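Count residues from 1 along the sequence. Since we're looking at a predicted model, the values are computed, not measured.
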Amino acid sequence: MSNTSVSIATLTVALVVAVLGTVAPHAEAARAFFIFGDSLVEQGNNNYLATTARADSPPYGIDYPTHQATGRFSNGLNIPDIISEQLGAESTLPYLSPQLTGQKLLVGANFASAGIGILNDTGIQFLNIIRISRQLEFFQQYQQRVSALIGEEQTQRLVNQALVLITLGGNDFVNNYFLPLSLRSRQMSLPDYSRYVISEYKKILMKLYELGARRVLVTGTGPLGCVPAELAMSSSNGQCAEEPQRAAAIFNPQLIKMAQGLNSELGSNIFITANAFEMHMDFITDPQLYGFVTSKVACCGQGPYNGLGFCTLASNLCPNRNIYAFWDPYHPTERANRLIVQQIMSGSSKYMNPMNLSTIMEMDSRT
């Protein structure tokens, strides 16, 4: 390589470091962050789509720093926001946001879209949403855009060193298998369906790997039968609905086993599973221990347990979101999200397999 080529390569690296350095003050902020999945991790892509699966009107965002609805299915920050805080970085922007250009691209991107699942027929009632195959196409498109900015080699390094979060699976049950007149429930038993969904998820995770992801946080489903929506529809005494709980109990261990198998095949701990079921059950079982007055009633909603319909200005709204585990019929409050991220960061093997995120960050900082 000529001296000129060496100088240009050095200058390119210096520029990338300089640009990343301007994004956030912490060293860890140089690590990009990519998010895939559903409404639990969406940060506003559906705002730009003709869909009913949106959270871009009040009272969503009532406790967000701007007190504006942003498209997050939360009263404030959601799980990706809080992980970004822990990384010392600013929150990622939705991929469809017109603001995602230039230096902002180097922070990462959020491709998530409310209503989607592992299967393409999940969430069809929401019409125009970004299915997971399309999210992965957008990830490829993202890499092309960044390559134009910093070159292919640096883009590959940025992606390889990034943290990736993927949250899928819940909708494949609540917005597919358990829907009235569901074709899937007539075609397959719950265990067979779960195995099928896991086999499809495996393909998605392998595609992420092929696209350069090397550190992927994979969250399992929460306790599907314990959300206020299920209590309102299926519970007579406030107990978690049995069939959705059984679905989560079948799906989550299979997900952990599948991720472990992939790691063995690839010879590296690429996929880190987060046991969202156990994380949620802690404060659902004993809400008072975690400072909540209830884990059954949503802060925003109507009907039994505030579990029916959408969260709108016409809904009941609790005055103090910090003492509610659920914000709306399906989604945790910011405070509950913070408890979940705490376990993602430093939880034991009960919650994180094969290691927690703090351990990953410490390991990766030495390489």
Side-chain angles (χ1 to χ4, degrees), residues 37-42 46 51-55 57 59-60 62 71-75 78-79 112-117 122-126 129 167-182 184-185 190 219-249 251-252 276-277 279-281 283-285 287 292-318 321 323-337 340:
D38 57 29
S39 60
L40 289 166
V41 293
E42 192 199 328
N46 283 16
T51 177
T52 54
R54 303 165 72 111
S57 57
Y60 284 97
I62 189 170
R72 291 164 172 82
F73 286 76
S74 171
N75 59 300
N78 65 6
I79 286 169
S113 177
I116 74 141
T122 291
I124 52 173
Q125 67 272 37
F126 302 121
I129 49 181
T167 296
L168 288 171
N171 283 327
D172 293 288
F173 294 98
V174 299
N175 279 311
N176 192 331
Y177 192 83
F178 291 122
L179 286 179
L181 308 178
S182 164
R184 292 290 188 183
S185 63
L190 188 55
T219 67
T221 74
L224 301 174
C226 301
V227 299
E230 288 298 332
L231 297 185
M233 291 185 290
S234 310
S235 176
S236 56
N237 56 3
Q239 297 301 306
C240 299
E242 284 184 20
E243 278 300 280
Q245 280 297 87
R246 188 164 80 92
F251 175 84
N252 287 311
F277 184 92
M279 294 174 188
H280 279 83
M281 283 309 293
F283 55 75
I284 284 171
T285 306
F292 297 120
V293 296
T294 179
S295 60
K296 296 183 187 299
V297 181
C299 169
C300 183
Q302 45 274 323
Y305 308 101
N306 276 346
L308 298 178
F310 296 102
C311 170
T312 69
L313 286 172
S315 302
N316 302 316
L317 180 66
C318 68
R321 274 70 65 185
I323 56 176
Y324 281 70
F326 283 96
W327 158 245
D328 69 10
Y330 288 102
H331 304 94
T333 55
E334 177 182 325
R335 182 145 176 282
N337 281 330
I340 292 162

Inset, instruction - Work out which heavy atom in Pro332 is nearest to a heavy atom in Ser74; give both atom names and the distance. - result: O-OG, 4.4 Å

Legend entry - Ile129 side chain reached by Ser113 side chain, heavy atoms, under 4.5 Å: yes

Inset, instruction - State the CD1-CD distance between Ile79 and Glu334, to the nearest 0.5 angstrom. - result: 11.5 Å

Legend entry - Under 3.5 Å donor-acceptor, Lys296 side chain and Gly238 backbone: yes

Inset, instruction - Compare all side-chain heavy atoms of Gln245 with those of Met281 and state whether any distance is below 4.5 angstrom. - result: yes

Legend entry - Sub-2.5 Å SG contact, Cys318 and Cys300: no

Legend entry - Non-hydrogen atoms of Leu231 and Cys240 that approach each other most closely: CD2-CA, 4.0 Å

Inset, instruction - Grab the two heavy atoms, one from Gly222 and one from Ala248, that are nearest each other, plus how far apart they are. - result: O-CB, 3.7 Å

Legend entry - Tyr60: side-chain hydrogen bond (donor to acceptor under 3.5 Å, both in side chains) partners, not counting sequence neighbours: Asp328

Inset, instruction - Nearest 0.5 Å please: distance from the OG1 atom of Thr333 over to the CG atom of Asn78. - result: 12.0 Å

Inset, instruction - Look at the aromatic rings of Tyr177 and Phe173 and report parallel, tilted or perpendicular, splitting at 30° and 60°. - result: perpendicular

Inset, instruction - Return the minimal non-hydrogen interatomic distance between Gly309 and Pro329, and the atom names on each side. - result: O-CG, 3.6 Å

Legend entry - From Leu168 atom CG to Ile116 atom CD1, the distance as rounded to the nearest 0.5 Å: 5.0 Å

Legend entry - Closest non-hydrogen atom pair between Leu308 and Gly303, with its separation: CD1-CA, 4.1 Å

Legend entry - Check: Thr221 side chain, Gly170 main-chain N or O, donor-acceptor pair, under 3.5 Å: no

Legend entry - Within-4.5 Å side-chain heavy-atom neighbours: Asn337 and Trp327: no

Legend entry - 4.5 Å side-chain heavy-atom contact, Phe126 and Asn175: yes

Legend entry - More than 12 heavy atoms from other groups under 6.0 Å of CG on Leu179: yes

Legend entry - Inter-residue atom distance Asp172.CG - Phe251.CZ, 0.5 Å rounding: 7.0 Å

Legend entry - 4.5 Å side-chain heavy-atom contact, Val41 and Thr219: no

Inset, instruction - Mind checking the CZ-SG spacing from Phe326 to Cys311? Nearest 0.5 Å is all I need. - result: 14.5 Å

Legend entry - Aromatic ring proximity, centroids under 6.0 angstrom, His280 and Phe277: no

Inset, instruction - Kindly indicate, with the supporting measurements, whether the criterion ring-ring contact (aromatic ring centres under 6.0 Å, His included) is fulfilled by Phe73 and Tyr330. - result: CA-CA 9 Å; Phe73 286 76; Tyr330 288 102; 9.8 Å; no

Inset, instruction - Mind listing the closest non-hydrogen atom pair of Phe178 and Ala247 along with its distance? - result: CE1-CB, 3.8 Å

Inset, instruction - Keeping to residues at least two apart or across chains, list the salt bridge (Lys or Arg N to Asp or Glu O under 4.0 Å) pairs with something in residues 227-245. - result: Glu243-Arg246

Inset, instruction - Could you tell me the separation between the CG atom of Asp38 and the NE2 atom of His331, rounded to the nearest 0.5 Å? - result: 7.0 Å

Legend entry - Student check: side-chain heavy atoms of Ile340 and Phe283 closer than 4.5 Å: yes

Legend entry - Results of side-chain hydrogen bond (donor to acceptor under 3.5 Å, both in side chains) for Asn176 - residues two or more places apart only: Asp121, Thr122

